[in-house]
Amino acid sequence: EAGVTQFPSHSVIEKGQTVTLRCDPISGHDNLYWYRRVMGKEIKFLLHFVKESKQDESGMPNNRFLAERTGGTYSTLKVQPAELEDSGVYFCASSQELRGELFFGEGSRLTVL
Amino acid sequence: EDQVTQSPEALRLQEGESSSLNCSYTVSGLRGLFWYRQDPGKGPEFLFTLYSAGEEKEKERLKATLTKKESFLHITAPKPEDSATYLCAVQAGAQKLVFGQGTRLTINP
């Protein structure tokens, strides 16, 4: 069974540019989450999808971040325009049940110069 | 506000030297406490979920315990391959996990 896959593994962009991160959850997992870890800080929640619906987006830092999950399968997280403080590692996770184990991808490292 | 504090930040042990990692938490309505292992450049890998005070779970050389205020991850006779960052997270009323900063464990051969 394939795990959670994320693309790209590393992206380097200039301040003001746009970046789109993609996450493919484990097949059959309705719950999809985005988290991120900025330098020196703990991993923090960004948002939660149940199928194609946003269940909780309380962790999204501002309106420069846009997450979508069309058709309830893969998800994208777009940052536009990127700022220096957006640098970090963005993790995607999925789960079958609401209460239980989250399976994480290897993360997408974003560097904004 | 839900909060998780892990200690120590880093721990260096000799192979075979047992120890414990601490996770203190404050949360309104704990639904679960999770331990994850993270290797450099990888995503967190699930280890245990604990749901209520007094619960214990074991996996190989690892044993996790839970009280009303904290959780311990006990490592018995560790090996170099146990070197990793160990993350603690709590799940409260919402579905999201609140993570601690992690404990970076190094086991020297």
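Protein chains get the first letters and strands the later ones, always in sequence-line order, with residue 1 at the start of each. Remember, it's a predicted structure, so these values are computed and weren't measured experimentally.
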Using 0.5 Å steps for rounding, measure from the CG atom of L77(A) to the OG1 atom of T20(A).
8.5 Å
Does the side chain of P8(A) reach to within under 4.5 Å of the side chain of L21(A), using non-hydrogen atoms?
yes
Tell me whether the guanidinium CZ or amine NZ of R22(A) lies under 6.0 angstrom from the six-membered ring centre of Y74(A) and within 45° of its axis.
yes
Under 4.5 Å, heavy atom to heavy atom: which of residues 97-109 of chain B reach chain A? Give them by number, or say none.
L97(B), F99(B), G100(B), Q101(B)
Non-hydrogen atoms of chain B under 4.5 Å away: do they reach the side chain of L102(A), the backbone, both or neither?
both
List in chain and number order the residues that pass side chain to side chain donor-acceptor pair (under 3.5 Å) with R12(B), two or more places apart in sequence or in another chain; answer none if no residue qualifies.
none
F104(A) versus Y35(A), closest heavy-atom pair with distance
CE2-CD1, 4.0 Å
Nearest-0.5 Å distance, NZ of residue K57(B) to OG of residue S71(B):
11.0 Å
Where does F48(B) contact chain A at under 4.5 Å (heavy atoms): side chain, backbone, both or neither?
neither
Can you find a heavy atom in the side chain of N31(A) that is under 4.5 Å from one in the side chain of H48(A)?
yes
Residues of residues 105-112 of chain A with a heavy atom under 4.5 Å from any heavy atom of chain B, in residue-number order, are G105(A), E106(A)
Considering only heavy atoms, which portion of Q38(B) lies under 4.5 Å from any heavy atom of chain A: side chain, backbone, both, or neither?
side chain
Check the hydrophobic clustering (I, L, V, M, F, W, Y; side-chain heavy atoms under 4.5 Å; chains of links allowed) and say if L13(B) and L62(B) are grouped together.
yes
So which bits of residues 60-70 of chain A come within less than 4.5 Å of chain B, counting non-hydrogen atoms only?
none
Would you mind reporting whether V27(B) and L33(B) have side-chain heavy atoms less than 4.5 Å apart?
no
Residues L47(A) and E57(A): closest non-hydrogen pair is CB-CA, 3.7 Å
Any donor-acceptor N/O pair, S53(A) side chain to Q55(A) backbone, under 3.5 Å:
no
Does a donor on one side chain sit under 3.5 Å from an acceptor on the other, for S20(B) and H74(B)?
yes
Roughly how far apart are T49(B) OG1 and Q91(B) CD, rounded to 0.5 Å?
8.5 Å
Got a second to check how far L66(B)'s CG is from Y51(B)'s OH, nearest 0.5 Å?
12.0 Å
Examine whether an atom of S58(A) lies under 4.5 Å from a heavy atom of chain B, and if so say whether it belongs to the side chain, the backbone or both; otherwise answer neither.
side chain
Side-chain contact, heavy-atom cut-off 4.5 Å: V4(A) with Y33(A)?
no
